[in-house]
Colleague: 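Would you mind keeping the following structure in view while I ask a few things?
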Number of protein chains: 2
Amino acid sequence: MAPSLKESSTKPGKRNNRMHLGTALISVDLVVFRLHDEQLQILTRKKTTPSGSALVLPSGRIEPDHDDSLDATAKRLLSYATNHSPSYLEQVVTIGDSNRDSRGWSLTVVYYGLLNGNEADYSDDSQWLNVTAGKTAAPLAYDHESLVQEAWLRLKNKVQYSSVPIYLLPDEFVLSDIKKVFSAILEKSPPMRSIRNRFLKGGLLIDTGRLRRGSNRPATLYTANRAAETCLFNRLYLSTQE
Amino acid sequence: MAPSLKESSTKPGKRNNRMHLGTALISVDLVVFRLHDEQLQILTRKKTTPSGSALVLPSGRIEPDHDDSLDATAKRLLSYATNHSPSYLEQVVTIGDSNRDSRGWSLTVVYYGLLNGNEADYSDDSQWLNVTAGKTAAPLAYDHESLVQEAWLRLKNKVQYSSVPIYLLPDEFVLSDIKKVFSAILEKSPPMRSIRNRFLKGGLLIDTGRLRRGSNRPATLYTANRAAETCLFNRLYLSTQE
DNA sequence: GCAATAGTGTCTCTTAGACACTATGGT
DNA sequence: ACCATAGTGTCTAAGAGACACTATTGC
């Protein structure tokens, strides 16, 4: 009864007649980011077609009987790929035109999600792809690369003036981990000084009292202060012309 | 042949069966802002129903045969209401759930547009409504008030760190007009000093050489520098906690 | 001791924002 | 002269960003 995930990718063929009276082929596509070994990555799925295999974004359709809202659809689709619920989920844009799907007019609501770095299980056919400067390390099917590009742009912007960097980190982290988030996304990072001021003065971090030890001076471990209301900062790299 | 605008508002009735295989009732709703007498206003349409009349946002359906993209749909819908093309148009959000339309699952792509203050013709059944602090001066039908709220929030944010304020002004304007834009949207304004620095140093304005005269010292008239790439600023009122 | 990373002190530059001041028109 | 609005000079506070410095661990 419920539409299956696979249906978002049936083979081409003119079926414009399905689109009438304000209805269209609708799908929800997810760009799920994580940080892994100081590399920004997105979650993709290996899809096997008669003509070979390709990488696609997790996506699917609205299930009107189960999804109360578009956000619910996005969350449900994400749960198919991982048992990990996202620390952050945001709608990026809705794209609709007659080009992106050969079947005719189609409409996609694009979300991006951030996973914190805690361990999690992922479905077997999932694959993580490095993302550098908004480009994926391997090609994606359909227009999915441009969707990644858009989501990445949004992330890149938001990272510079909000508290999102900490959503990519595990429950406990160290200040230099935040620096790594900046580096992974912007390919550069503000100095520790600026990061400290921003996140500590903003009250976004809670000192756990514990330390991370290594072959050097131990670093204090922090947790995200979930009580802190979303706070905004001056955008980074404004004076230095980026 | 082409679906008419009116169809976005046929009377309620359970028609869930139309929603299948990833299709749903889709509409595009517009929140069109303008500045009039130093007041922020939105464009609404008087809709007469059997049970009286109500105010609604301009909205309609995608016409797959005419609209190349969602943006095209938004522009087409706007052209029905005014001969004035918007100086700025941006997608705000897509809302989909089972509550907002009594017919079942529905989906709306919300855009907001800015009209510059030049004179224009508007359709006869259109009506401008003051918007103060995101609230419309008169109630709107459906969930349209909340759509206005969302669009207004976006506008309010953007006004603080981008060049959008000038998109609400006519072709030629004066620095204090920019101040009025801030006041209309934020209910306060940075001092002239800050506005001058921001917009002039940013190269966003071109001195026309002409002056606006009144019963006081004349003010220099500027035009928006359309060549200037979209530039970003530090957000206003960050230190003063808004 | 040394290497390595954590974290601080402090300076410069830019911008926001306040506010008093001057400038220039009309009447 | 006086009013009204345009526009400037200049100061303060805060943050970004640079960078040299100190701190604390393992080895």
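All values reported here derive from a predicted model rather than from experimental measurement. Worth knowing before you read on, the calculation uses all heavy atoms, side chains too, and leaves out hydrogens, waters and symmetry mates. Within every chain, numbering begins at 1; the chains are lettered A, B, ... in the order of the sequence lines, protein sequences first and strands thereafter.
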Colleague: May I ask you to evaluate whether T220(B) reaches the phosphate of dG7(D), defined as a side-chain N or O under 4.0 Å from OP1 or OP2?
Modeller: yes
Colleague: With Y167(B), which residues qualify under ring-ring contact (aromatic ring centres under 6.0 Å, His included), at least two apart?
Modeller: Y88(B)
Colleague: Tell me whether R45(A) forms a cation-pi arrangement with Y80(A), defined as NZ or CZ under 6.0 Å from the six-membered ring centre and within 45 degrees of its axis.
Modeller: no
Colleague: How far apart are the C-alpha atoms of S189(A) and I195(A), what are their side-chain angles, what is the distance that settles it, and do they pass the side-chain contact (heavy atoms from CB on, under 4.5 Å) test?
Modeller: CA-CA 9 Å; S189(A) 169; I195(A) 293 175; 3.8 Å; yes
Colleague: Using the ring of Y237(A) (Phe, Tyr or Trp, six-membered ring only), decide whether K188(A) places NZ or CZ under 6.0 Å from its centre and within 45 degrees of its axis.
Modeller: yes
Colleague: Hey, which of D207(A), L205(A), T208(A) is the one that makes side chain to side chain contact (heavy atoms under 4.5 Å, CB included) with T223(A)?
Modeller: T208(A)
Colleague: So if I take residues 163-185 of chain A and measure heavy-atom distances to DNA chain D, which residues fall below 4.0 Å?
Modeller: none
Colleague: Are there over 12 heavy-atom neighbours, none belonging to N83(A), within less than 6.0 Å of that residue's CG?
Modeller: yes
Colleague: Counting any heavy atom closer than 4.0 Å, what does R198(B) reach on the DNA or RNA strands: base, sugar-phosphate only, or nothing?
Modeller: sugar-phosphate
Colleague: Just the rounded figure in Å: distance from C1' of dA16(C) to CZ of R235(B).
Modeller: 14 Å
Colleague: Heavy atoms, side chains only, cut-off 4.5 Å: are L114(A) and L155(A) in contact?
Modeller: yes
Colleague: Report the distance from atom CZ of R193(A) to atom P of dC19(D), rounded to the nearest whole Å.
Modeller: 15 Å
Colleague: Using whole Å, report how far CZ of R212(B) lies from C1' of dA6(D).
Modeller: 12 Å
Colleague: Give the B/S/- string for nucleotides 20-27 of chain C, one per nucleotide from 5' to 3', where a protein heavy atom under 4.0 Å of the base yields B, of only the sugar-phosphate yields S, and otherwise -.
Modeller: ---BBBS-
Colleague: Could you state the atom-to-atom distance from OH of Y222(A) to P of dA6(C) in whole Å?
Modeller: 12 Å
Colleague: Select one nucleotide: of dG15(D), dA18(D), dG17(C), the one nearest the side-chain heavy atoms of N234(A).
Modeller: dG15(D)
Colleague: Which one, dG17(C), dG15(D), dG17(D), comes nearest to the side chain of K201(A)?
Modeller: dG15(D)
Colleague: Can you check the L236(B) CG to dG15(D) P distance for me, whole Å?
Modeller: 15 Å
Colleague: CZ of R196(A) versus P of dA14(D): gap in Å, rounded?
Modeller: 20 Å
Colleague: Roughly, in whole Å, what's the span from CG in L200(B) to C1' in dT14(C)?
Modeller: 17 Å
Colleague: Determine, step by step, whether I26(B) and I26(A) satisfy the side-chain contact (heavy atoms from CB on, under 4.5 Å) criterion, reporting the C-alpha distance in whole Å, the side-chain angles of both residues, the deciding distance to 0.1 Å, and the verdict.
Modeller: CA-CA 9 Å; I26(B) 304 172; I26(A) 304 172; 3.7 Å; yes
Colleague: Rounded to whole angstroms, how far apart are OH on Y237(A) and P on dT14(C)?
Modeller: 17 Å
Colleague: For the pair R34(A) (side chain) and L43(A) (backbone), establish whether a donor and an acceptor sit closer than 3.5 Å, ignoring hydrogens and angles.
Modeller: no
